[in-house]
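In what follows, every chain begins at residue 1, and chains take the letters A, B, ... in the order their sequences are listed. Remember, it's a predicted structure, so these values are computed and weren't measured experimentally.
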There are 2 protein chains.
Amino acid sequence: MVYKHKDIAEKLIDRHIKPSFHRIKVLEYLMANRTHPTAEQIFACLKKELPTLSKATVYNTLKLFVEAKLAREITIEDKEIRYDYTIENHGHFKCESCGTIFDFKINVDDCITEELDDFVIKDKNVYFKGICPRCFSNT
Amino acid sequence: MVYKHKDIAEKLIDRHIKPSFHRIKVLEYLMANRTHPTAEQIFACLKKELPTLSKATVYNTLKLFVEAKLAREITIEDKEIRYDYTIENHGHFKCESCGTIFDFKINVDDCITEELDDFVIKDKNVYFKGICPRCFSNT
DNA sequence: ATATAAATCTATAATCAATACAATATAGCA
DNA sequence: TGCTATATTGTATTGATTATAGATTTATAT
Ligand SMILES: [Mn+2]
Ligand SMILES: [Mn+2]
Ligand SMILES: [Zn+2]
Ligand SMILES: [Zn+2]
């Protein structure tokens with residue numbers, strides 16, 4: 001899928017973020033690469049195209065996006081934060097063999113008790129780990 | 001609850017871990033403090049009682065425990081790993097205001113689809129974030 | 001009991017993602 | 001054009017975790 005810069009800029013404006021060129025490029029990357037990349041991966045890839053890009057900008061931009069709910073952080077591994085453009089509720093499965101993070105449908109609201117009735121829930125994450133079918137069949 | 005060192009040693013032997021004095025103390029701490037402490041917190045507290053204790057020993061010991069499924073890692077925050085003696089499936093809610101991590105009952109198996117049927121699931125974590133009732137009423 | 005080997009522990013250095021910060025560049029506007 | 005606020009850069013720093021090597025304790029054998 002290819003996104004027009006104008007449309008991406010509009011998404012940023014909707015969230016009251018000024019659509020600078022770098023911000024558009026980072027958001028474009030997230031929209032086009034639904035692989036739950038790390039800040040490092042985003043930086044390395046965009047750096048080729050934008051030689052002056054700074055790592056700090058990538059970190060700053062991603063933090064902005066998360067605050068604006070344009071992206072979500074995946075902390076399935078303590079080592080590194082991964083970023084997901086898809087906000088809608090879904091779970092993440094990380095294959096311990098190949099490292100791939102898969103999405104899966106889940107509706108946790110269906111299985112929580114009234115225990116949390118008085119809690120203000122702002123963020124929900126479901127993280128599974130194990131072996132993916134491809135890695136499992138290669139053993 | 002107070003635990004006897006002999007009983008704790010047995011738990012370690014069951015998992016094929018030699019029950020050294022320091023290992024017993026760390027496990028005792030985890031059993032007595034179900035507050036999801038960090039390695040740093042465990043170290044700081046035990047250090048008072050065991051002046052020669054090294055931070056590396058705490059880290060090594062915790063890693064051993066996790067591998068042996070005597071404890072589980074909570075990576076709800078990317079900043080730090082927290083440790084939980086309670087293995088049985090339950091969710092974690094972190095209050096963004098006071099930092100407390102609450103346990104809650106949840107059975108995710110009830111709400112996953114057949115999407116993951118071919119995946120080998122070794123670890124399941126449910127992390128919620130928001131504001132706890134106490135902090136909410138103090139605003 | 002003493003020697004030898006193995007396991008455990010300590011202390012310190014190294015790692016590395018993330019953050020802080022100060023300097024520079026850019027964009028929007030009078 | 002200049003002014004001001006915002007965005008970006010480059011680098012220094014942080015801080016949790018890991019690696020490593022030597023010291024100490026524990027176990028085993030003679
Ligand atoms: Mn996802
Ligand atoms: Mn818990
Ligand atoms: Zn895999
Ligand atoms: Zn609270």
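- Between Arg15(A) and Lys69(A) the shortest side-chain heavy-atom distance falls below 4.5 Å.
- Within residues 59-77 of chain A, the residues having any heavy atom closer than 4.0 Å to DNA chain C are, in order of number, Tyr59(A), Lys63(A).
- The closest side-chain donor-acceptor pair between Glu115(A) and Thr113(A) falls under 3.5 angstrom.
- Here Lys55(A) lies out of heavy-atom contact (under 4.0 Å) with every strand.
- Atoms CD1 (Ile24(B)) and C1' (dC9(C)) sit 15 Å apart, rounded to a whole Å.
- Under 4.0 Å is where a charged nitrogen must lie from a carboxylate oxygen, and between Glu40(B) and Lys55(B) at least one such pair does.
- With rounding to whole Å, Phe21(B) atom CZ is found 11 Å from dT10(C) atom P.
- The only option from Leu70(B), Thr57(B), Ile81(B), Ile42(B) that meets the side-chain contact (heavy atoms from CB on, under 4.5 Å) definition with Leu62(B) turns out to be Ile42(B).
- Contact between the side-chain N/O atoms of His22(A) and the OP1/OP2 oxygens of dT26(C) is not found at any separation under 4.0 Å.
- Looking at Asp103(A) and His92(A), their side chains do bring a donor and an acceptor atom within 3.5 Å of each other.
- Distance Asp78(B) CG to dT19(C) C1': 11 Å, rounded to the nearest Å.
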Side chain to side chain contact (heavy atoms under 4.5 Å, CB included) between His22(B) and Thr61(B): does it pass, once the steps are laid out? CA-CA 8 Å; His22(B) 287 168; Thr61(B) 302; 5.5 Å; no
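- Side-chain proximity of Ala56(A) to the nucleotides dA18(C), dT10(C), dA20(C) is greatest for dA20(C).
- Separating the CD atom of Glu80(B) from the C1' atom of dA18(C) is a distance of 14 Å, rounded to the nearest angstrom.
- Here the closest non-hydrogen pair linking Pro19(B) and Ile24(B) is O-CD1, 3.6 Å.
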Go through the steps to decide whether Tyr85(A) and Phe65(A) satisfy the test ring pair (Phe, Tyr, Trp, His ring centres under 6.0 Å), and finish with yes or no. CA-CA 9 Å; Tyr85(A) 174 70; Phe65(A) 288 178; 8.9 Å; no
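- Think of the region where chain A sits on DNA chain D: with heavy atoms and a 4.0 Å cut, that region ends 5' and 3' at dT6(D) to dT18(D).
- A 4.5 Å side-chain heavy-atom check between Leu46(A) and Val26(A) finds at least one atom pair inside the cut-off.
- Phe43(A) has its CZ atom 16 Å from the P atom of dT19(C), to the nearest Å.
- Atom-to-atom, NZ of Lys18(B) to C1' of dA5(C) comes out at 11 Å; the value is rounded to the nearest Å.
- Checked against dT19(C), dC9(C), dA11(C), the side chain of Lys79(B) finds its nearest nucleotide in dT19(C).
- Using a 4.0 Å heavy-atom criterion, one finds that Ser20(B) contacts the sugar-phosphate atoms exclusively.
- Thr52(B) comes within contact range of the sugar-phosphate backbone alone, with a heavy-atom separation under 4.0 Å but no base atom that close.
- Put simply, the residue from His36(B), Arg72(B), Arg34(B) that forms a side chain to side chain donor-acceptor pair (under 3.5 Å) with Asp84(B) is His36(B).
- The distance from atom NZ of Lys25(B) to atom P of dT10(C) is 14 Å, rounded to the nearest whole Å.
- Of the side-chain N and O atoms in Thr57(B), one or more sit less than 4.0 angstrom from OP1 or OP2 of dT10(C).
- If you take CZ of Arg82(A) and C1' of dA18(C), they are 15 Å apart, rounded to a whole angstrom.
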